[in-house]
Each structure stands twice: as C-alpha cells, then as structure tokens.
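All remarks here apply to the structure that follows.
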Amino acid sequence: MTTETVKKQRWKLNLRDRFQDMPKPARIAAMVVFVVLLYLLPTKAFYENLGFPIPMGSGYLPLYTTGSDMAGVLFQCGYYILLALGLNVVLGYAGLLDLGFFGFFAVGAYTVALLTSPESKLITEYNWLESPWPWLLTVPIAIALAMLSGVLLGWPTLRLRGDYLAIVTLGFAEIIRIVAKNQDWILNGDRGIPSVGHPPGTWPDGEPIFELEFTPYYWLVLTVIIGVIFLIRNLANSRVGRAWVAIREDEDAAELMGVPTFKFKLWAFAIGAAIGGLSGSLWAGQANFVNSATFSLENSILVLAAVLLGGAGSIGGAILGGFLVIYLPEWLRSVGDVFGWPTQVQVGNIHIDVSPTSLRFVIFGALLIVVMIYRPQGLWPNRRRAAELKDRQKEVAPVE
Amino acid sequence: MNFDDLIQGFPDLTTTGLAQGSIYALVALGYTLVYGVLRLINFAHSEVFMFGTFAALWTWGLMGYDSNSARPDLGTALLLVLVSLVVASLFSGGVAMVVEAVAYRPLRKRNAPPLVFLISAIGASFVLAELMGAFTERRQQGIPGLLPGEPLFSAGGWTVYPLQLATVVVALAVMFALDWFVSKTRFGRGIRAVAQDADTAALMGVNKGRVIALVFLLGGLLAGVAAVFYSMKQGNTRFNVGFLMGLKAFSAAVLGGIGNLRGALVGGLLLGLVESYGAALFGSNWTNVIAFVVLLVLLMFRPTGLLGESLGRARA
C-alpha cells in the first residue's frame, strides 16, 4: 500500500524533472511540437484523428464542442486566458484582490471601438478624427489607457486594506458599466458602437484574413498569449517579481526590508490592467459590436474563478483555469445535446432551466467553495504559494 | 446640475432618503456584525437579503395577494406585513446560518487566510443567486402594493407616505432592539467578547462556534426585515437584486465604520440621503455612481469610517 503511493509520487516528480533534464534542443523541440498542436486545435480533423473511439452515428466527437463553433469557443478561451494571466499578476503575484478586473477589459474594448468604428461619435459628431483608425494602431492606445486607468484606480485605493480594495475595485467595474450604459455623448449607451475595425492582413487571394471566421482570431490570440507568457515569466523572475512575492507574504516586513511596496503594488496593478486592456482590444476586433451589456459583473467573477481554480501565482494555473471556465460548460452542453440532457425540468408549474450554460455559475460557485476548502492552492499550484498556505494550516490550531 | 429640484424637493428628498437609508442600515448591520466578529466581508449576505424578498413574495402569494390584487384595507395590510416580516426574517436567518455552516466553518477549522474566506463567500453568493435565478426563470416578479398609497399627511411641499413612516419606525425599533441585545444580554456579551479577542474568549468559556452562528442568524434576521420593506417600496424583485443592495449596504457599513453597530446606522442613513439628494442633482441614472464616489472620497480621508471600527471596544 504505502510503497505504491510513494512510487506514484516519484513518477510524478520524474515527469517534471525528466523534462528539465532533457537537453535544451530536445526541450525546445518538444515545446514547438506542443505549440503546433495548439494551433491545430480549431480544426475538426484534429479530433477525428485523436484515436478515441467515436460512437457511431451519435454525432459526438471526443473533446469537440458540437453545440457551438469550436474555433469560437477556443477564441473565447483565449481572451479569458489573457484576462486570467493579467489578474494572476495582480492577485497571484502581488496578492491584491481585484474584483473588478473586467473593467480594464471594458476600457480596452471601448478604446478600440471608438477609434476604429466609422460610426463612432468621435467621427460623426465631434469631428476629432477624420476617418477611422486601423485596428493595429489602436491596440497600443487601448493598452496604455487601460494601464492609465489601473494607475488612477490604484493610486487612491492601494493604500487601503485588502478587503476594502476588493469592494472599491468592484465598484470601479460597476461605475464603468453604468457610465457606459447611461451616457450618450460618446459611448452611445445600450445602443453601443457597431462596425468596429478588424485586425489587418489578407490571404494570398486577396480575401481579408480577419472577418467573421473565428479560426484566425484564435491563432492571433494564441500568439499574443505566448508573447505575454514570456513577458510575465521574465517579470516574475526579476527584481519586480521578488518584490511582489515579498509584498504578498508580509507587506510590513517587505517595507521594512526596503521594498517600496506602494510603487510595486501600483506596478502590479498597471501591468495587470494593461493585459486586461489588451484582451479587450482583441475581443473588440472580433466582436464587431461593443455595448455596455457585455461588461457585467459575472465576467469579473468568472476571471477570478479562473485564476483561483487554476492556482493563483502560477502561469500554468491561470491558463488552465481560463481554459476550463469557458470550455467546460460549452463541452458539457455539447455532450448533453448529443446524449439528450434535458434543457428544462418541470416542477409543478415552474420550469427550471438546467442547461449547463445556465447552471454554470451555480457549479462554479460550488466549485469555488470546495476548492477553497480542500485545495486552496488551486489545481496547478505555484509551489511557493502552496507552501505558504500549508504553513498557515500548521500554525495555531483554532479553538472552537 | 439641477439645484432648483434639490431646493424645492428638499423635504421630500429627505424623507425618501431616510426611508431608503434605513433599509441600507438594516442590511449593513449584517455586514458589520459578521465583520466585527470574524474580520470577514460576508459577501453572501446580499443573497441572504435577496432570499428574504422572495420569502416575502411567496408569503403574500400563499395568503392570496399577488401583484394583480387590489390594495387590501389597512388592517389586512398590517397583518400581511407582520406575517411576512416574521417569515422573511426567519427564512433569511436560516439561509445565513446555512451559508456559515457550509462555506465558512470548514475554513475556520483549517485556519485559512482571509482571502480564502472571501473567495468562498463569493462562491456561496453565486450559488445562491444563480439557484434562485434558475428557479424563477430569471424573471422579474411583481410584488403587490399593500400599505395605502395615499400620503399620510402633506404640508407645504412635504408629503410622507405610510410605507416610508413604517420603514423608518420599524428599522429604528429593530436597531434599538439589536443595540440592547448586544450591549445588555448574555449572548451580546459573548458576541463582544469574541469580537475583542476570539481565542481569549474561547479560553474564558465562550462557545465561539455558537457565537458565530448567532451573529449570522442576527444578520439574516435583519436582512429579512429589510427585504420586506425593500420589496414593498420597489414593487418587484429578481434573483439579482441582492448584488446592488449588498454593495450599497457594505458601502454604508464602511462609511460608518465597519464593525461598529451605530456606525452602520449612521452610514446607512447618510448614504440614503446622499443618494436621494444626488439623484435630484445629477439625475437618477447616476445614483449608484454617486454612492461609490462618496465612499471612495471618504475612505481616502478617513479609512476607518465616520465612527471608527469597533464592536468589541465598549462603544457598540
């Protein structure tokens, strides 16, 4: 019995270590193969050749979301992964609880929409712009504005204690949404901004790459994610990253050791916000239409759930989490459609919507509680953070 | 900016603000009680309140009054309100205790850090809201008008409606009762002891687990009372009404100084008034923004709220 468990652990360790022990060219080759596979994910043929047994005539394909466009689901996963990576910097590295992270997504999306749409009021009413800008040019502006809003929000609030910060950031996201909904001068309220620009580029035959088809957007977001991963990895391993960990573990001690805590907290906030804004600008490039209804609070919570389910402080965790929160309900829905899961249950004269998409927040809510109780470090934890949590459990046993 | 509306409607705006503020204060007390004892923002409290509104709606439904019924006479109306007050507060109190037992108690046993508590609370809040959403098909449900709709009295530019008067009177009565309970009774002493120093209190023989459950129950009862008056004022309810109310009530608690019972009262009334005046000044679309700006500004200059944080420290 016991030897078996030990063996299992050793095997697990080996997998990780074996990868590390491989010669560098082999490691790079393995990564390249993996990345190529990632780019192939939206094609249906990929799933048909996976080698899983396919039940004949059921229309079910393993791992494929038959209920909705697979590339669309993957693109959505992509921008949620980006959001999760951004929030991971704020929450996982610096330990600041930001409940309104989607607000930065909104800032990015609106910036792109305003500058690239020919129907934006900047052009039609105020004549600030001669003609709509190309999408690519607006992305840096969107990132910069999101970063600026992060700094503006962080400046007064980062001096507050953790739980106040949570409420203030939540309020910030709500304010952005309400402002976008209520005022008519620029953002056009609920009517929104139509015909937002798409990213540039044409196929060899002259057709534009980025139109309504999801697959190119998925490739674009995947490329951006890979870039962001490199950026965050390097940041986390630098002086800045060490300062964040110090702040997370004990802010007062870090301050005493000479870490300018406020400055680094503000940086974490700004960098997280910038990634959120980038995600928003990618989304706007695809969505074609931006209005306030997109930026409801559920999305902020979904991103938070993604980071925490995956494991705060770990890049792999953020990616896993961002992927799961979008993919899982879609996949469950597809499976349900194939095998006849009912979408409605009737109790007396009340119809209860039991489709996985409708119940996903119930499931995520319950999952959050369960994960916090049994695995607070997340599914793919950062080793150091897991150790911090473990330490605390060993401290004083609370008296009941 | 519309100063004329503000000046002309000042008495009416004050009454509306006070009535709305008392509802905020009642919900804010739930946040403050739990925060005082556990140092935890009970994020799920907003959903406890939301369940209260539905409990009231269902109670009236069972007694034969739905949104299409005619207004009953005064005696029947008072009876309906009284019954729904009892049912809604018990229901909300029960929900609050279930939340405590499922989402918080296991974490307390593991000595989890505050962030973990907060996230578990968010999880609980989502489960509750979405369950109700699935159960009610996410539809807005109408609530019958019960108390008489004509003004109680009106003098000059000042009118007071029965519902407003009832809200303020009941809210104040409940809050005085709570104040007495916490400062004078044995249970209240237990609450104050745990708030001051949980471990020492436990060593002195206070049953910490029971005190915490009691605090959640009290918060739930108050939220139920608030829910009844909120429903009657709003005329409808939905599975997501808790969120905004929770945010406002928490802001009220922070305004007055979280963990401080009298602070919650002051903060609630103040927030109600500020919103009411602000809505007249800037337009009712901006009410929620005003509430937040006020909170932000106050936190910058007085991070512990108007009356300071204290539940254990004698003042409460």
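Every chain is numbered from 1 and lettered A, B, ... according to where its sequence line falls, protein lines coming before strand lines. Nothing here was measured: the structure is a model prediction, and the numbers come from that model.
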* Taking atom CZ of A/Arg375 as the centre, report whether more than 12 heavy atoms of other residues, nucleotides or ligands fall under 6.0 Å from it. => yes

* Contact origin within B/Ile119 toward chain A - heavy atom pairs under 4.5 Å -> both

* Please tell me if the side chains of A/Ile301 and B/Phe126 come closer than 4.5 Å, counting only heavy atoms from C-beta onward. => yes

* Structure fact -> Given A/Leu91, A/Leu368, A/Val371, A/Val370, the one with more heavy-atom pairs under 4.5 angstrom with chain B than any other is A/Leu368

* **Within 6.0 angstrom of B/Phe187 CZ, more than 12 heavy atoms from elsewhere** => no

* How far apart are the closest heavy atoms of B/Val116 and A/Pro376, and which atoms are they? -> CG2-CB, 4.3 Å

* To do: Examine whether an atom of A/Leu99 lies under 4.5 Å from a heavy atom of chain B, and if so say whether it belongs to the side chain, the backbone or both; otherwise answer neither.
  => side chain

* Name the region of B/Ala112, side chain, backbone, both or neither, that has any atom closer than 4.5 Å to a heavy atom of chain A. => backbone

* **Structural part of A/Val179 lying under 4.5 Å from a heavy atom of chain B** => both

* **Pairs flagged by salt bridge (Lys or Arg N to Asp or Glu O under 4.0 Å) wherever residues 237-250 of chain B is involved - sequence neighbours left out** => B/Lys248-B/Glu275

* Asked: For the atom pair CD1 (A/Ile373) and CZ (B/Arg105), what is the distance rounded to the nearest 0.5 Å?
  -> 11.5 Å

* Structure fact -> Whatever's closer than 4.5 Å to a heavy atom in chain A on B/Phe117 counts as neither

* Using non-hydrogen atoms only, which part of A/Leu367 is less than 4.5 Å away from chain B: side chain, backbone, both, or neither? -> neither

Do any side-chain atoms of residues 40-49 of chain B form donor-acceptor pairs under 3.5 angstrom with protein atoms, and if so which ones, sequence neighbours left out?
unit_1  : atom_1 : unit_2   : atom_2 : d
B/Asn42 : OD1    : B/Ala44  : N      : 3.4
B/Asn42 : OD1    : B/Tyr104 : OH     : 2.7
B/His45 : NE2    : B/Val27  : O      : 3.3
B/Ser46 : OG     : B/Phe43  : O      : 3.3
B/Glu47 : OE2    : B/Ser125 : OG     : 3.3

* **Minimum heavy-atom distance B/Val127-A/Gly365, with the two atoms named** => CG2-C, 3.4 Å

* Is it the side chain or the backbone of A/Leu308 that comes within 4.5 Å of chain B heavy atoms, both, or neither? -> side chain

* Structure fact -> On a heavy-atom basis, the closest approach of B/Val289 and A/Ile178 is CG2-CG2, 3.9 Å

* Structure fact -> d(B/Ile122 CD1, A/Leu304 CG) to nearest 0.5 Å is 5.0 Å

